[in-house]
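When a ligand or atom number is given, it counts from 1 through the structure's own listing order.
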Amino acid sequence: MPNITFILPDGKEQGCTARDGLSLMEVALQNAVPGIIAECNGSAACATCHIVVDDALAPMLDPISEHESDMLDFTAAPRAPGSRLSCQIKVDGRVDGATIRIPAEV
Ligand code: FES
């Protein structure tokens with residue numbers, strides 16, 4: 001199972017083991033990662049699951065959809081180059097060892 005490290009807004013790290021097929025949002029909620037709210041429960045309609053993926057992972061992920069990109073324009077924290085909606089990223093081998101930052105505001 002892939003290992004993921006979330007970097008919390010206060011700089012602390014929270015490591016998780018993730019099951020393939022879950023979304024990163026579901027992994028965050030299962031592990032009580034602070035800062036992931038997921039009001040729409042993964043429908044890509046709230047942007048409260050905003051994360052910033054690291055430079056190594058970003059190019060390996062499926063391309064961002066137009067809808068996800070539009071939603072990222074409405075995040076509470078400023079959009080960053082690695083910004084994604086965690087509900088739109090499925091866990092598989094590509095995320096093993098990834099470092100994922102939780103923005104200060106969601
Ligand atoms: S959970 Fe609402 S956009 Fe991801």
>> Taking side chain to side chain contact (heavy atoms under 4.5 Å, CB included) as the criterion, tell me which of Thr99, Ile36, Ile100 meets it with Phe6.
In response: Ile100

> How would you list all residue pairs meeting salt bridge (Lys or Arg N to Asp or Glu O under 4.0 Å) that involve residues 38-51, not counting sequence neighbours?
Replying inline: none

> Nearest heavy-atom pair of Ile4 and Ala18: which atoms, and what distance?
Replying inline: CD1-CB, 3.7 Å

>> Filter on salt bridge (Lys or Arg N to Asp or Glu O under 4.0 Å), then keep only pairs touching residues 77-92, sequence neighbours left out; what's left?
In response: Glu68-Arg84, Asp73-Arg79, Asp92-Arg94

>> Suppose the criterion is side-chain hydrogen bond (donor to acceptor under 3.5 Å, both in side chains): which pairs have a residue in residues 8-24, not counting sequence neighbours?
In response: Asn3-Thr17, Ser23-Glu26

> When you check the space around atom 4 (Fe) of ligand 1, which protein N, O or S atoms turn up under 2.8 Å?
Replying inline: Cys49 SG, Cys87 SG

>> I need the minimum non-hydrogen distance between Thr75 and Leu72, along with the two atoms involved.
In response: OG1-O, 3.3 Å

